[in-house]
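Note sheet for the following structure.
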Amino acid sequence: TVRSFATTSSRQNAIKTVTVIGGGLMGSGIAQVAATTGHQVVMVDQTDDILGKSKASIQKSLQRVVKKKFAEDPKGGEQFVSDILGRITTQTDSNAAVANSDLVIEAIVENIDVKKKLFSSLDKAAPQHTIFTSNTSSLPIGDIAVSTQRQDRFGGLHFFNPVPMMKLLEVVRIPATSDETFNKLSDFGKAMKKTTVDCKDTPGFIVNRLLVPYTIEAMRMVERGDASFKDVDTAMKLGAGYPMGPFELSDYVGLDTMKFILDGMEGSRLHPEGYATYPFNFPLNSDTPSSYEGKRGYVRYTCSAIIDRP
Ligand code: NAI
């Protein structure tokens with residue numbers, strides 16, 4: 001029937017080989033999950049030394065999975081890890097790495113010029129059919145896509161940290177993204193066993209658009225002396241059922257990342273002025289006494305880094 005033909009043809013077109021550019025926190029998680037779900041992965045970073053560390057961190061993460069899933073079957077566990085690692089190759093030359101790629105997922109440093117330079121070069125090196133995506137949290141996907149001649153085959157795949165644990169994937173389309181591209185990206189997300197949500201190229205997408213202003217308002221409450229760090233965290237955990245309070249979460253995400261997201265929201269053309277919680281009306285004073293001890297102990301420092309704006 002026509003229907004089964006469509007199914008076969010979409011399967012034939014499905015994304016099989018993935019190039020992940022950037023082997024940092026996000027890139028190594030993305031590479032791990034893509035390989036675990038049967039995709040062939042090329043992971044790219046600037047040096048072999050970094051790539052060695054990325055692969056080691058993937059191996060460590062897989063070993064945690066094995067401990068749980070293969071407790072009774074150590075041989076099976078070993079096989080599981082070596083099969084997955086066997087599907088991940090590494091490269092320092094990003095142009096060479098896309099030669100045989102169905103999909104590029106970029107997860108390099110959050111800098112628009114560096115990202116544009118990368119994509120402009122990949123655009124010449126990659127086959128026609130290759131779809132390009134960015135995992136950016138704060139930059140408009142459309143501003144990155146203009147560096148290529150394939151805006152119909154461009155979109156956003158926004159993963160969450162830690163990638164192997166977090167179920168959600170935001171699939172982002174720009175006005176030029178074709179339906180075919182968008183559907184392929186959604187299908188790929190599902191093949192990675194993520195729950196996908198669709199979103200336009202709007203600042204913060206869905207999750208950060210709602211989560212970041214909430215977190216900033218929590219900081220303002222503390223800076224106004226309305227409540228303590230600890231009590232705000234306790235309140236949101238026990239009163240709203242959040243697994244982490246806003247300060248724990250900020251510490252986990254990294255306040256540098258939070259600042260990037262805020263800057264992206266504020267700086268975006270799409271963004272209305274006077275966004276309710278930004279810029280700060282009550283700048284956090286770096287001397288604000290804090291009873292909150294972050295895991296990495298840098299909440300105070302990073303709060304003041306966020307407001308340290310011209
Ligand atoms: P990271 O700093 O851990 O990793 C970035 C990696 O990219 C580094 O290993 C670096 O050596 C490499 N790199 C930089 N320039 C490169 C280039 N030109 N070619 C190849 N490799 C290059 O950063 P992280 O946290 O993994 O973030 C990466 C991207 O993911 C950013 O765009 C960020 O906004 C986004 N993101 C981050 C999340 C987070 O929770 N950290 C969550 C969702 C998205």
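Just follow the structure's listing: the first ligand is 1, and inside any ligand the first atom is 1. Computed from a predicted model, the values in this text were never measured in an experiment.
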Open item on the list: Going by the closest heavy atom to atom 35 (C) of ligand 1, which one wins out of Leu139, Asn135, Asp45?
Closed with: Asn135
Open item on the list: Heavy atom to atom 40 (O) of ligand 1, shortest distance: which of Asn161, Asn208, Val163 holds it?
Closed with: Asn161
- [ ] Identify, with sequence neighbours excluded, every residue that meets ring pair (Phe, Tyr, Trp, His ring centres under 6.0 Å) alongside Phe119.
- [x] Phe132, Phe154
- [ ] Report yes if some heavy atom in the side chain of Gln40 is under 4.5 Å from a heavy atom in the side chain of Val18; otherwise report no.
- [x] no
Open item on the list: Less than 4.5 Å apart, side chain to side chain, heavy atoms only: is that true for Val171 and Phe188?
Closed with: no
TODO: May I ask whether Ala107 has any heavy atom positioned less than 4.0 angstrom from an atom of ligand 1?
DONE: yes
Quick check on contacts: which atoms of ligand 1 are under 4.0 angstrom from a heavy atom of [X]?
X: His158; value: 43 (C), 44 (C)
X: Ile50; value: 9 (O), 11 (O)
X: Thr136; value: 32 (O)
X: Gly22; value: 7 (O)

Give me the nearest non-hydrogen protein atom to [atom] as residue plus atom name, then the distance to 0.1 Å.
atom: atom 36 (N) of ligand 1; value: Ser137 OG, 3.4 Å
atom: atom 22 (C) of ligand 1; value: Ile108 CG2, 3.5 Å
atom: atom 32 (O) of ligand 1; value: Glu110 OE1, 2.5 Å
atom: atom 4 (O) of ligand 1; value: Gly24 CA, 3.3 Å

TODO: Apply the side-chain hydrogen bond (donor to acceptor under 3.5 Å, both in side chains) test between Ser101 and each candidate in Thr17, Thr19, Thr130; give the one that qualifies.
DONE: Thr19
Task: For Leu118, the option from Ser134, Ser94, Ser147 that meets side chain to side chain contact (heavy atoms under 4.5 Å, CB included) - done: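 Result for side chain to side chain contact (heavy atoms under 4.5 Å, CB included) with Leu118: Ser94.
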- [ ] Check each of Asp187, Thr181, Asn183 against Leu185 using the side chain to side chain contact (heavy atoms under 4.5 Å, CB included) test, and report the only one that passes.
- [x]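 With Leu185 as partner, side chain to side chain contact (heavy atoms under 4.5 Å, CB included) holds for just one option, Thr181.
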Report the part of [X] (side chain from C-beta onward, or backbone N, CA, C, O) that has a heavy atom under 4.0 Å from ligand 1; answer both or neither where that applies.
X: Lys115; value: side chain
X: Leu118; value: neither
X: Phe159; value: backbone

Task: Protein non-hydrogen atom below 4.0 angstrom of atom 15 (N) of ligand 1 present - done: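 Protein heavy atom within 4.0 Å of atom 15 (N) of ligand 1: present.
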Open item on the list: I'd like to know if atom 2 (O) of ligand 1 has any protein heavy atom within a distance of less than 4.0 Å.
Closed with: no
TODO: Using distance alone, decide if ligand 1 has a nitrogen or oxygen within less than 3.5 Å of any nitrogen or oxygen in Met26.
DONE: yes
Task: Within-cut-off N or O pair, Leu25 and ligand 1, under 3.5 Å - done: yes
- [ ] Mind telling me whether Phe80 and Phe70 have parallel, tilted or perpendicular rings, with 30° and 60° as the class edges?
- [x]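 Because their plane-to-plane angle lies in the 30° to 60° range, the rings of Phe70 and Phe80 count as tilted.
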Open item on the list: I'd like to know if the side chain of Lys60 reaches the main chain of Lys55, judged simply by a donor and an acceptor atom lying under 3.5 Å from each other, with no hydrogens or angles considered.
Closed with: no
- [ ] Answer with yes or no whether the side chains of Glu106 and Thr133 bring together a donor and an acceptor at under 3.5 Å.
- [x]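 No, no side-chain donor-acceptor contact under 3.5 Å.
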Task: NZ/NE/NH1/NH2 to OD/OE distance under 4.0 Å, Arg153 and Glu180 - done: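 Between Glu180 and Arg153 there is no salt bridge, as every charged N stays at least 4.0 Å from the carboxylate O atoms.
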Open item on the list: What verdict does the side-chain hydrogen bond (donor to acceptor under 3.5 Å, both in side chains) test give for Ser138 and Glu110, after you've listed the backbone C-alpha separation in whole Å, the side-chain angles of each residue and the deciding distance to 0.1 Å?
Closed with: CA-CA 8 Å; Ser138 63; Glu110 190 74 335; 2.6 Å; yes
